[in-house]
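Inspection log for the structure reproduced underneath, given as structure tokens.
Lettering of chains follows the sequences in order, A, B, ..., and the numbering in each one begins at 1. What you see is a predicted model, and the numbers here were worked out from it, not measured in a lab.
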There are 2 protein chains.
Amino acid sequence: MLKKERHNIIMRQINLHNRVLSSDLVELLNVSEDTIRRDLQELADDNLLNKVHGGALSKSYQSTFDDSKVYAKDAKISIAKKTASLIKDGMVVLTGGGTTVIELAKQLPQHLHATFITISPLVAVELAKYEKIEVILIGGLFAKNSQISYGGHVISQLADIRADLCLMGTSALHPTDGVTDTDWEINQLKKAMIASSKKTAILCISEKLGITLRLKVAGLENISYLVTELDADDQMLKAYQAKDLQII
Amino acid sequence: MLKKERHNIIMRQINLHNRVLSSDLVELLNVSEDTIRRDLQELADDNLLNKVHGGALSKSYQSTFDDSKVYAKDAKISIAKKTASLIKDGMVVLTGGGTTVIELAKQLPQHLHATFITISPLVAVELAKYEKIEVILIGGLFAKNSQISYGGHVISQLADIRADLCLMGTSALHPTDGVTDTDWEINQLKKAMIASSKKTAILCISEKLGITLRLKVAGLENISYLVTELDADDQMLKAYQAKDLQII
DNA sequence: AAAAATATTGCATGTATTTGCGGTGTTTTT
DNA sequence: AAAAACACCGCAAATACATGCAATATTTTT
């Protein structure tokens with residue numbers, strides 16, 4: 001591989017994600033860390049990026065850097081990172097929509113080689129930025145507020161799928177009532193998603209814990225992982241720990 | 001072997017692969033490395049390629065990744081507005097992806113009461129902003145570059161659809177050769193889209209007129225409308241006017 | 001057609017670049 | 001405070017490059 005090609009690829013990654021980790025580039029380009037660091041140094045000398053500890057940032061990203069103070073964004077980023085660690089090479093992952101999942105799609109390691117099936121166009125667009133991830137988008141009626149595909153068409157497509165892991169956000173999670181929701185269509189959809197996957201991880205910021213809504217989606221016994229921004233031994237999570245549920 | 005021949009072969013390799021290694025050329029052309037280096041130097045002097053350590057890169061390769069700007073935006077907005085006038089209340093409209101169609105999705109009248117079926121998540125997200133438009137997203141494999149769903153799954157879903165109007169951009173339109181493209185999957189997809197619709201409108205900025213590419217999608221006789229940013233009586237459009245094709 | 005002039009090519013030489021590695025210092029995380 | 005991750009330095013091997021020169025090929029001139 002020519003050095004200039006590497007530089008081009010690095011710049012493409014930067015333009016796509018606004019940041020890169022050296023470790024990701026090592027895997028992606030199959031060269032040593034020293035080479036990556038030298039590359040980043042050269043690109044930084046040419047004023048094409050900002051080199052930082054562990055990787056580099058896009059020049060243009062600097063200005064928008066502090067929009068990370070959106071509501072509960074920190075918590076969601078934290079959840080996203082924890083969830084990313086659940087996903088291994090070769091897995092088939094089924095995802096819903098929701099801001100937490102979109103955040104996850106931005107936080108995956110560059111070298112991840114997996115298949116993602118999603119009902120969310122926004123997630124699909126984010127995932128398309130990764131070289132080694134295959135993306136399958138499930139279509140159907142398009143829900144205006146939640147920006148996902150829904151309806152019978154989606155559910156019948158889900159029936160054909162056997163995923164290793166299902167990732168979904170939720171509006172409510174309760175120690176005894178499990179996952180609940182308010183919308184009939186979403187309820188059906190989530191049930192179908194869980195049924196199509198070997199394991200399910202619920203991504204849930206702490207303030208949605210302890211709430212119960214109208215419609216039951218699944219009991220805790222059907223869930224394998226609960227990912228929140230809290231520490232696994234947090235007081236608030238005690239009630240969930242009894243179950244056969246891994247808390248991250 | 002003549003020097004000029006070598007140069008031609010080198011340029012063909014460059015245009016084909018966007019890059020070339022000196023070592024590969026040595027094997028391919030059976031000459032010494034010195035000769036290759038001198039060849040590359042001469043071609044670089046003539047501004048035909050970029051010589052780098054270890055080989056050379058195509059001139060255009062550089063620009064393929066830093067073109068974050070939308071090209072010919074004004075023309076596309078003009079086309080979008082004209083196209084919007086084709087869409088009436090109650091219609092079922094099938095759309096492709098592409099920047100022109102996305103622009104259209106931003107320019108529709110708020111009161112429009114129609115059903116849109118699309119293979120483009122980005123179009124779906126834009127359309128979801130209209131109260132009275134029902135959006136159906138067709139899913140399948142997700143194409144990283146063009147950001148649309150493609151593949152057999154998409155085509156079989158299209159077979160179930162009967163739309164009133166199909167809207168698609170194109171890479172090339174020629175008075176006698178009609179709509180052509182370079183990619184096999186896209187080709188199949190567009191054919192299926194046209195077959196599923198009563199009428200088809202091609203959205204095409206003027207600079208793509210008169211071009212023919214490798215694969216034929218459809219003849220002009222299968223197209224009902226041609227929408228460009230030019231006036232309908234423009235000189236350049238004369239060649240298309242003879243056909244049974246409405247130019248807007 | 002032969003000779004001269006010119007251009008092209010390959011080789012040898014020395015130089016420059018690129019890259020991975022080990023050792024060591026620094027920063028970040030636990 | 002310890003451990004882990006990252007960064008920096010210098011070194012050595014491999015590779016790529018520039019240059020002059022001789023051998024060969026091509027074109028031009030006679």
Side-chain angles (χ1 to χ4, degrees), chain A residues 1-11 13-14 17-58 65 68 74-75 77-86 107-112 227-234 237 247-248, chain B residues 1-11 13-14 17 19-46 48-58 61:
Chain A
M1 160 117 30
L2 297 167
K3 184 164 82 158
K4 202 61 186 290
E5 283 187 281
R6 271 202 325 267
H7 286 192
N8 285 341
I9 291 173
I10 291 172
M11 286 312 298
Q13 292 296 325
I14 288 263
H17 296 93
N18 287 326
R19 67 197 170 93
V20 271
L21 300 180
S22 309
S23 52
D24 282 342
L25 292 173
V26 168
E27 296 234 12
L28 185 65
L29 301 169
N30 280 312
V31 290
S32 73
E33 281 197 53
D34 300 72
T35 302
I36 293 299
R37 221 173 296 109
R38 276 184 279 238
D39 284 343
L40 294 180
Q41 187 57 56
E42 285 172 38
L43 291 168
D45 290 344
D46 291 349
N47 233 322
L48 294 170
L49 49 74
N50 288 325
K51 191 171 175 299
V52 296
H53 196 95
L57 297 174
S58 150
F65 198 108
S68 55
D74 287 345
I77 290 176
S78 160
I79 292 173
K81 285 183 176 162
K82 290 181 185 180
T83 309
S85 69
L86 288 177
Q107 303 282 346
L108 292 171
Q110 202 48 238
H111 55 79
L112 182 64
V227 191
T228 85
E229 82 278 16
L230 302 175
D231 290 335
D233 56 357
D234 193 284
L237 296 172
I247 297 174
I248 303 178
Chain B
M1 160 141 355
L2 261 50
K3 186 163 77 158
K4 202 62 184 287
E5 286 184 79
R6 276 203 320 270
H7 285 195
N8 286 337
I9 293 175
I10 291 173
M11 286 312 297
Q13 290 292 322
I14 287 266
H17 303 115
R19 54 164 268 189
V20 90
L21 301 180
S22 313
S23 53
D24 286 346
L25 290 174
V26 169
E27 293 218 18
L28 183 65
L29 302 170
N30 279 312
V31 289
S32 73
E33 286 200 43
D34 303 72
T35 303
I36 294 299
R37 253 194 296 282
R38 277 184 278 238
D39 284 344
L40 293 181
Q41 187 57 57
E42 286 171 37
L43 292 167
D45 290 345
D46 292 349
L48 295 171
L49 49 74
N50 286 326
K51 190 173 178 301
V52 298
H53 200 96
L57 297 173
S58 135
Y61 181 57

> Taking the side chain as C-beta and beyond, is there a heavy-atom pair between A:Asp24 and A:Gln13 under 4.5 Å?
Replying inline: no

> Taking only residues two or more places apart in sequence, or in another chain, which ones meet A:Lys51 in a side chain to side chain donor-acceptor pair (under 3.5 Å)?
Replying inline: none

>> Is the phosphate of C:dT9 approached by B:Thr35 (side-chain N or O, under 4.0 Å from OP1 or OP2)?
In response: no

> Rounded to the nearest Å, what distance is computed from the CD1 atom of residue B:Ile36 to the C1' atom of nucleotide D:dT15?
Replying inline: 16 Å

> Which residues satisfy the side chain to side chain donor-acceptor pair (under 3.5 Å) test with A:Gln107, sequence neighbours excluded?
Replying inline: A:Arg19, A:Glu103

Using nucleotides 7-9 of chain D, report all nitrogen or oxygen pairs with the protein that are shorter than 3.5 Å.
from: D:dA7; atom 1: OP1; to: A:Val52; atom 2: O; distance (Å): 3.4
from: D:dA7; atom 1: OP1; to: A:Gly54; atom 2: N; distance (Å): 2.5
from: D:dA7; atom 1: OP2; to: A:Arg37; atom 2: NE; distance (Å): 3.2
from: D:dC8; atom 1: OP2; to: A:Lys51; atom 2: NZ; distance (Å): 3.4
from: D:dC9; atom 1: N4; to: A:Asp34; atom 2: OD2; distance (Å): 3.4

> Can you list the residues that meet the side-chain contact (heavy atoms from CB on, under 4.5 Å) rule with B:Leu48, with sequence neighbours excluded?
Replying inline: B:Met11, B:Leu43, B:Asp46

> Are any of the side-chain heavy atoms of A:Lys4 and B:Asn50 separated by less than 4.5 Å?
Replying inline: no

> Given atom CG of A:Asp39 and atom C1' of C:dT19, what is their separation to the nearest angstrom?
Replying inline: 10 Å

> What is the distance from CG of B:Leu40 to C1' of C:dT9, rounded to the nearest Å?
Replying inline: 15 Å

>> Suppose we screen for side-chain contact (heavy atoms from CB on, under 4.5 Å). Which residues come up paired with A:Val26, at least two apart in sequence or across chains?
In response: A:Glu33, A:Ile36

>> I'd like to check the side chain to side chain donor-acceptor pair (under 3.5 Å) partners of B:His7; sequence neighbours left out, ordered by chain and number.
In response: B:Asp39

> Roughly, in whole Å, what's the span from NZ in A:Lys4 to P in C:dT18?
Replying inline: 11 Å

>> Could you tell me how far apart A:Leu21 (CG) and D:dA4 (P) are, to the nearest whole angstrom?
In response: 20 Å

> C:dT9 C1' sits how many Å from B:Asn30 CG, rounded?
Replying inline: 14 Å

> Can you name the side chain to side chain donor-acceptor pair (under 3.5 Å) partners of B:Asn30, sequence neighbours left out?
Replying inline: none

>> Applying side-chain contact (heavy atoms from CB on, under 4.5 Å), can you list everything that pairs with A:Ser32, at least two apart in sequence or on another chain?
In response: A:Asp34, A:Thr35

> In whole angstroms, how far is the P atom of C:dG10 from the CG atom of B:Leu29?
Replying inline: 10 Å

> Angle, rounded to 10°, between the helical axes spanning five pairs at each terminus of the helix from C:dA1-D:dT30 to C:dT30-D:dA1?
Replying inline: 40°

